[in-house]
Engineer: 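Quick one: the structure is below, questions incoming.
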Amino acid sequence: MNKRTGTALTAVTAAAIALGPTGCSVPQQPAHGEDRAAVREGTVIGGTPRKGGTLTVLSDQDFTHLDPARNWVMNAMDFGTRLLYRTLVTYKAAPGKQGSELTPDLATGLGTPSADARTWTFHLRQGVKYEDGSPVTAQDVKYNVERSFSPDLPGGADYAARYLAGAEGYRGPAEGKHLDSVRTPDDRTIVFELRKPFAEFPYATVMPTFAPVPQARDKGPQYDNRPFSSGPYKIESYARGKKLVLVRNDHWDPATDDVRKAYPDRIVVVMGLKGGQIDDRLTESRGADASAVSWSALRPESGAKVLPDAEVRQRLIAESTNCTDMVQMHTGRAPFDDVRVRRAVQYALDRDAVLTASGGPAFNEPSTAYMPASLFGGKQPDTLGIPVAGDTEKARRLLKEAGKPGGFATSMTVSTGDKGRAEAIQQSLAKAGIKVTIETVDPSAFYATIGDTANRTDLVYTGWCPDYPSGSTFLPFVFDGRFIKERGNSGNHSLFRDDATMRRMDEIAAMTDTGEAVRAWRQLDGEILAAAPAVPVLVRRWPLVLGSNIAGAYGHPSFGGQLDYATAGLKDPAKSRG
Amino acid sequence: MILYLARRLLAVTGVLVAVAAVTFTIFYVLPSDPAAAACGKACSVERLAAIRAHMGLDQPLWRQFADFVTGIFTGRTMGSGRYALHCAFPCLGYSYENSEAVWDLLMDRLPVSASLALGASVLWLALGLGAGVTAALRKDTLTDRALMTGAVAAASLPVYFTSMMLIYGLIRTAGLLPYPQYVPLTGDPVHWASNLLLPWLALAVLYAAMYARQSRSSMIETMAEPYIRTARAKGLPRRTVVVKHGLRAGMTPVLTLFGMDLGGLLAGAVITESIFGLPGIGRLFYGALSTGDQPVILGVTLLAAAFIVVANLAVDLLYAVVDPRVRY
């Protein structure tokens, strides 16, 4: 309410907001730590859970959206699709690399494409039921795809809008109009007609857009507060911002589901708690808190309490978010229209210092490419070979070549939660003579501020996460000049518009050989890096401390490192009644 | 009396309309765009325009305001086709964030904030008045000085500091109490109280200190009045003199303060609720503020304004009951 309140609490909600409206922006997840070896990645914590008990989720926020037509935030997609609704295809429930592999969910396979990859056919499994026992039909999947076009239901993934044929100007089913490009020849067959070839369509069908919603249950915007379940759990009660209680959906048949284990009897999400308290409670893990997990990532202050304690470290997971933080430079105006100046910034930036300001190597990795490691098969290449602490001499030489031997002054917009990282960048660039003024913007206004291309600063500190493990959900969003907008610009904050790059992107998008496309995206990443529209800085992890009674837990690499709710459960269910 | 009441109620309405108008205008001139925020990443221009139209944001400011005010009195229908929704009286619109009716959100959170405010006020009135009156009656003694020094110290502690200390001392270190988690009074009164004890204490410490200082000076002043001397001269017992004659008159300034404080707290204690994780109106407000959820911000602002002006009115009316010298 007053100024004091604002400052004291900004950090608390920073995470909430960053994940809020813009689904795929980098989560504001600061962390602290020393030892990368201390971090558990790619392993399951706590062994196999036993069936039963109550799994508690302690959260500092509410879900942005649980309505499948609107749910497009990584960790909420994990929660929604693992517990409440099933999609045509989903990711395997496995840690590490296996977690980015697809597996059929509602469908019997990963979809059958036509020869030109423009028509995709999926057959639905038999025996999949809603919480009232009625069968899931192909028409219900079509209906939810149509819902995602409705202006009453904004926020969801736009893959249907971008790829379905004849979807231009479609405004959803509320007025009784339907999409001809989605056909349902029978109750268990659904056919999608795309406007262009799309070899990766099965990845898009992991999105909650492709979950079923029966028309009779659709309540428009209110559906967000009570999605109808096709998954292993259904909503018993949901008080927005306070508490969500899930109980078993008795009509869910494990024989139809290869992914979800559904160990706990109940899942209770307690919302609106203070972030620091959640970290403390889970570190202490007393009573019922032993059967609890955190929704949001560990806070930086808490890292210092967690990492030195061997017992707590055993309960810490920190999977990569697979989102790359970048300094994006305004390539449309001086001095950053000169590639030598942009390269000078690449060399001057001390990623090691930013890493330290961001919680150290336990919770981040320095980035040497734009796309995160998951899109490079596990490890980013280092095509430029710039030392992690930067090369000030080289930067100075580049500036001299560009006719700026004395450096220059510029400014950078950052979200409140990134201030520490920004200061580290400021210090390292100052050594090369680039004087950066930091403009801190409240997370709620951050994307609007940097999206105003005419009035924004030269530099912005922001990031991007791929929607699924393919370069097509990264490079075009960040570096395709045709996506640039005067206001509300997103992704391409370098305003990078390069004809050769755009041509190449179209060529790769049209490739039907997935392996060839993967190699091509990787190569293109290096080519753009050489043109230096942005400096890749770091890739954050998603550290979570689990209560001591939690089992079957790991961070899912395809859901931003969030706990995989498909397999999490309790070691001893009796202990959860505290 | 009736005329007075009518005049005051009219003024109350005026204040509320003014508050709504100012809040509305602030949002209109701010650079934030709720439609863009709702749309998400890679939002096409056409879709953004459709969403903006659906939210009614393409209308001129006066129109939006008129619709809002009309909605409060008559309710209104929002959305169209299958998704049309009737927002009943008193319609404060729907949250941009979670599509819940703002009125329902407020009513859902009010019991939490009311529990916090009422419980804390009982504590701080008992502590504050007790200390203040004791200090006044023992003016310039060691007790007086000790009490007032304590009050200054307590008043200087910001509520977030007190809260953190209480959490650290009683929950983290001693493990005496659980981390607060709101339980409705109707469900389990004992649990309700034990969970609210710390937030009550944190708030009460701050307010009690202010009330102790206020009631002390007010009591000292009253006890020096000629009618107190008369009462004493009549041979009335000291207790009667202090309680019936002194306290009643001495409490009017404290009552004014109390009306304002309670009114403000009923509409949410932002810091206390946030620190203790209580899902009250203050917490709702803070969340709405950080996501730019304009309908909720507007709703809370109006509710807070309403509580404060109504509490003020109630206090003014109570003067006549407490102090026999006041008449309307």
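Worth saying up front: this structure is predicted, and the values here are computed from it rather than measured. All values below were derived from every heavy atom in this structure, side-chain atoms included, with hydrogens, water molecules and symmetry-related copies excluded. Per chain, numbering begins at 1; letters A, B, ... match sequence-line order.
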Engineer: Using 30° and 60° as the class boundaries, would you call the ring planes of B:Phe68 and B:Phe24 parallel, tilted or perpendicular?
Structural biologist: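 The rings of B:Phe68 and B:Phe24 sit tilted, inter-plane angle from 30° to 60°.
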Engineer: With no hydrogens and no angle check, do the side chains of A:Trp72 and A:Asp158 hold a donor and an acceptor under 3.5 Å apart?
Structural biologist: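 No, no side-chain donor-acceptor pair sits under 3.5 Å.
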Engineer: With chain B as the partner, which of A:Arg240, A:Gln277, A:Arg286, A:His65 has the greatest number of non-hydrogen pairs under 4.5 Å?
Structural biologist: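 When all of A:Arg240, A:Gln277, A:Arg286, A:His65 are compared, A:Arg240 has the most.
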Engineer: Does A:Arg162 make a cation-pi contact with A:Tyr159 (under 6.0 Å, within 45 degrees of the axis)?
Structural biologist: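 Geometry flag: set, cation within 6.0 Å and 45°.
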Engineer: For the backbone of A:Ile235 and the side chain of A:Arg226, can you confirm whether one donor and one acceptor N or O come within less than 3.5 Å of each other?
Structural biologist: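 Confirmed, A:Arg226 side chain pairs with A:Ile235 backbone.
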Engineer: Relative to chain B, which segment of A:Asn225 carries a heavy atom at a distance below 4.5 Å: side chain, backbone, both, or neither?
Structural biologist: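 The side chain, not the backbone.
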Engineer: Can a cation-pi geometry be assigned to B:Arg76 and B:Phe89, taking NZ or CZ under 6.0 Å from the six-membered ring centre and within 45° of the ring axis?
Structural biologist: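 Cation-pi check for B:Arg76 and B:Phe89: fails.
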Engineer: Taking A:Val270, A:Asp218, A:Asp224, A:Asp452 one by one, which has the highest count of heavy-atom pairs under 4.5 Å against chain B?
Structural biologist: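 Top option by heavy-atom pairs under 4.5 Å: A:Asp218.
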Engineer: Would you say that B:Val102 contacts B:Val296 through its side chain, given a criterion of any heavy-atom pair below 4.5 Å between the two side chains?
Structural biologist: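 Result yes, sub-4.5 Å side-chain heavy-atom pair found.
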Engineer: Is any side-chain heavy atom of B:Phe307 closer than 4.5 Å to a side-chain heavy atom of B:Leu265?
Structural biologist: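 Counting from C-beta outward, B:Phe307 and B:Leu265 never come under 4.5 Å.
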Engineer: Between B:Arg52 and chain A, with a heavy-atom cut-off of 4.5 Å, which part of the residue counts as in contact: side chain, backbone, both or neither?
Structural biologist: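 Neither part.
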Engineer: Go through the atoms of B:Glu273 and report whether side chain, backbone, both or neither lie under 4.5 Å from a heavy atom of chain A.
Structural biologist: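 B:Glu273 has no heavy atom closer than 4.5 Å to chain A.
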Engineer: How about A:Trp295 and A:Phe63: are their ring centroids closer than 6.0 Å?
Structural biologist: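 When the ring centroids of A:Trp295 and A:Phe63 are compared, they turn out to be within the sub-6.0 Å range.
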Engineer: Quick one: which residues of residues 109-117 of chain B reach chain A at under 4.5 angstrom, heavy atoms only?
Structural biologist: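 So the qualifying residues are B:Arg109.
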Engineer: Under the ring pair (Phe, Tyr, Trp, His ring centres under 6.0 Å) test, which residues partner A:Tyr163, sequence neighbours left out?
Structural biologist: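 By the ring pair (Phe, Tyr, Trp, His ring centres under 6.0 Å) rule, A:Tyr163 matches A:Phe198.
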Engineer: Under a 4.5 Å heavy-atom cut-off, does chain A meet the side chain of B:Tyr182, its backbone, both or neither?
Structural biologist: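 Neither part.
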Engineer: Less than 4.5 Å apart, side chain to side chain, heavy atoms only: is that true for A:Met505 and A:Leu475?
Structural biologist: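 When only atoms from C-beta onward are counted, A:Leu475 and A:Met505 do touch, with a gap below 4.5 Å.
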Engineer: Let me know if A:Ser150 has heavy atoms under 4.5 Å from chain B in its side chain, its backbone, both or neither.
Structural biologist: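 Both backbone and side chain.
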Engineer: With B:Asn98, which residues qualify under side-chain hydrogen bond (donor to acceptor under 3.5 Å, both in side chains), at least two apart?
Structural biologist: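 Once residues adjacent in sequence are excluded, the partners of B:Asn98 under the side-chain hydrogen bond (donor to acceptor under 3.5 Å, both in side chains) criterion are B:Ser95.
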Engineer: Tell me, side chain or backbone of B:Leu284 under 4.5 Å from chain A's heavy atoms, or both, or neither?
Structural biologist: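 Neither; nothing under 4.5 Å.
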Engineer: For chain B, which of A:Glu175, A:Gln222, A:Glu284, A:Arg281 has the most heavy-atom pairs under 4.5 Å?
Structural biologist: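 Between A:Glu175, A:Gln222, A:Glu284, A:Arg281, the count favours A:Arg281.
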Engineer: Select one option (side chain, backbone, both, neither) describing which atoms of A:Gln215 are under 4.5 Å from chain B's heavy atoms.
Structural biologist: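 For A:Gln215, heavy atoms of backbone and side chain both lie under 4.5 Å from chain B.
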Engineer: With a 4.5 angstrom heavy-atom cut-off, which part of B:Leu85 approaches chain A: side chain, backbone, both or neither?
Structural biologist: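 Side chain only.
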Engineer: Could you tell me whether the side chain of B:Asn312 and the main chain of B:Met260 form a donor-acceptor pair under 3.5 Å?
Structural biologist: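 Flag not set: sc B:Asn312 to bb B:Met260 has no pair under 3.5 Å.
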Engineer: Given heavy-atom pairs under 4.5 angstrom as the criterion, report whether the side chain, backbone, both or neither of A:Leu153 touches chain B.
Structural biologist: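 Both the backbone and the side chain of A:Leu153 come within 4.5 Å of chain B.
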Engineer: Tell me which of these, A:Asp62, A:Asp67, A:Asp152, has more heavy-atom pairs under 4.5 Å with chain B than the rest.
Structural biologist: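 Maximum pair count with chain B is reached by A:Asp152.
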Engineer: Name the region of A:Asn489, side chain, backbone, both or neither, that has any atom closer than 4.5 Å to a heavy atom of chain B.
Structural biologist: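 When you check distances to chain B, no heavy atom of A:Asn489 falls under 4.5 Å.
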Engineer: Not counting sequence neighbours, which residues clear ring pair (Phe, Tyr, Trp, His ring centres under 6.0 Å) with B:Trp103? List them please.
Structural biologist: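 Counting only residues at least two positions away or on another chain, B:Trp103 forms no ring pair (Phe, Tyr, Trp, His ring centres under 6.0 Å).
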